[in-house]
Number of protein chains: 2
Amino acid sequence: MPIHPELDLVIERDVNVPAAALWRGWTEPELLMQWFCPRPWRVVECDIDLKPGGLFRTVMQSPEGESLPEGVGTYLVVEPGQRLVWTNALGPGFRLQPAPAEEHLGFFFVVDLTLEPLPGGGTRYRGVCTHQTTAAREAHEKMGFHQGWGIALDQLVELSALPP
Amino acid sequence: MPIHPELDLVIERDVNVPAAALWRGWTEPELLMQWFCPRPWRVVECDIDLKPGGLFRTVMQSPEGESLPEGVGTYLVVEPGQRLVWTNALGPGFRLQPAPAEEHLGFFFVVDLTLEPLPGGGTRYRGVCTHQTTAAREAHEKMGFHQGWGIALDQLVELSALPP
């Protein structure tokens, strides 16, 4: 998808782990919970029904033990090992979601994740997060998108480099 | 998809034409333009890129020749001859759409169309239109959902019964 600079936030990095391992990290709840939000925050609940229209649900918890409202979304594209598109604007069965609560990610987004194999066994990891408005993009950026997604990716790479 | 009575509007009817003909009516622009809105309104422009994330665009025109703002959406599920899911909440490439203009369908919806073959060559035609809020469902119903979709289906059946 071509980047829209006023609506999109992008993370792209070449990492030294195979696409298959990164895919597992994104699609298996017990793995996702170990990297998906920057520590000392953690994901304490995760449901994944890996198909278009299937549930993707996470609950994040602060270091003080306070849980955020659950994040509910659905998958739009599932191409194993290669591409995963999901959004919080639709829920399971493609139902339109109520407007998200202000206190956390108070806006809709669509994430388009692509994993491109590189010579030597690494992967070009690219996540594009699109927003409905420029204001939502700016709010997400100020919330620390780049740092947050960067740290989470560090955690995913660390996890993915472990022996299976 | 199970029906949610407060969020969904449903049209279901057994019709005496094959699913393949109804599918063509929904997916070929030159056919869709002949039935998609109740006459004397008409569809004067239509673009269809029939794949998940592909463009679905229509422009409707009043009998007085006034065009409505274009309706832009995308497909979520494309199962030829059987099921078509599309929404105006996302556009091509699954981009989040701006809130729709008040003057026409001023809300987001998702349509889940299923075509079930019946013994004897007919089809059980079922369209479920889901909304984000009860208020949107009510507004759509008052706008004449049942009458409008009913007349449009009459027109589709009439068209589909023609020799190819």
Side-chain angles (χ1 to χ4, degrees), chain A residues 1-10 49 51-56 72-79 82-101 105-114 126-140, chain B residues 1-10 49 51-56 72-79 82-101 105-114 126-140:
Chain A
M1 185 166 61
I3 300 302
H4 189 310
E6 292 179 8
L7 295 174
D8 300 348
L9 294 167
V10 182
D49 180 14
K51 64 182 184 190
L55 173 67
F56 178 34
V72 171
T74 197
Y75 300 101
L76 300 171
V77 176
V78 178
E79 295 174 4
Q82 297 178 37
R83 188 175 174 216
L84 190 66
V85 183
W86 61 279
T87 183
N88 69 340
L90 303 174
F94 301 114
R95 287 200 165 273
L96 292 158
Q97 290 281 103
L105 291 166
F107 45 79
F108 291 131
F109 55 84
V110 178
V111 172
D112 192 332
L113 174 78
T114 50
R126 189 181 197 229
V128 180
C129 184
T130 74
H131 303 79
Q132 193 176 23
T133 63
T134 304
R137 178 202 178 278
E138 285 174 1
H140 201 176
Chain B
M1 185 165 62
I3 299 303
H4 189 310
E6 291 180 8
L7 296 174
D8 300 349
L9 294 167
V10 182
D49 181 13
K51 63 182 183 192
L55 173 67
F56 178 35
V72 171
T74 198
Y75 300 101
L76 300 171
V77 175
V78 178
E79 295 174 4
Q82 298 177 37
R83 186 174 175 218
L84 190 65
V85 182
W86 62 279
T87 183
N88 69 341
L90 302 175
F94 301 114
R95 286 200 166 274
L96 292 157
Q97 291 281 102
L105 291 166
F107 45 80
F108 291 131
F109 56 84
V110 178
V111 172
D112 193 331
L113 174 78
T114 49
R126 187 181 198 231
V128 180
C129 185
T130 74
H131 303 80
Q132 193 176 23
T133 62
T134 304
R137 178 202 177 278
E138 285 174 1
H140 202 176

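None of the values given here were measured: they were computed from a predicted structure. Below, chains carry the letters A, B, ... as their sequence lines are ordered, and counting in each starts from 1.
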Could you please spell out the steps behind the ring pair (Phe, Tyr, Trp, His ring centres under 6.0 Å) verdict for A:F109 and A:W86?
CA-CA 9 Å; A:F109 55 84; A:W86 61 279; 5.4 Å; yes
Part of [X] lying under 4.5 Å from any heavy atom of chain A:
| X | answer |
| --- | --- |
| B:V110 | both |
| B:P2 | backbone |
| B:T133 | neither |

Determine whether [X] and [Y] make a side-chain contact, defined as any pair of heavy atoms from C-beta on separated by less than 4.5 Å.
| X | Y | answer |
| --- | --- | --- |
| A:L9 | A:H131 | yes |
| A:C129 | A:H140 | yes |
| A:T130 | A:L7 | no |

In terms of side-chain geometry, is the basic nitrogen of B:D112 or A:R95 positioned less than 4.0 Å from the acidic oxygen of its partner?
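Result for this pair is no, no salt bridge flagged.
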Can you tell which part of A:H4 gets under 4.5 Å to a heavy atom of chain B, answering side chain, backbone, both or neither?
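Both backbone and side chain.
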Taking every non-hydrogen pair under 4.5 Å, which of B:T87, B:L96, B:V77, B:L90 racks up the most with chain A?
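Option with the greatest count: B:L96.
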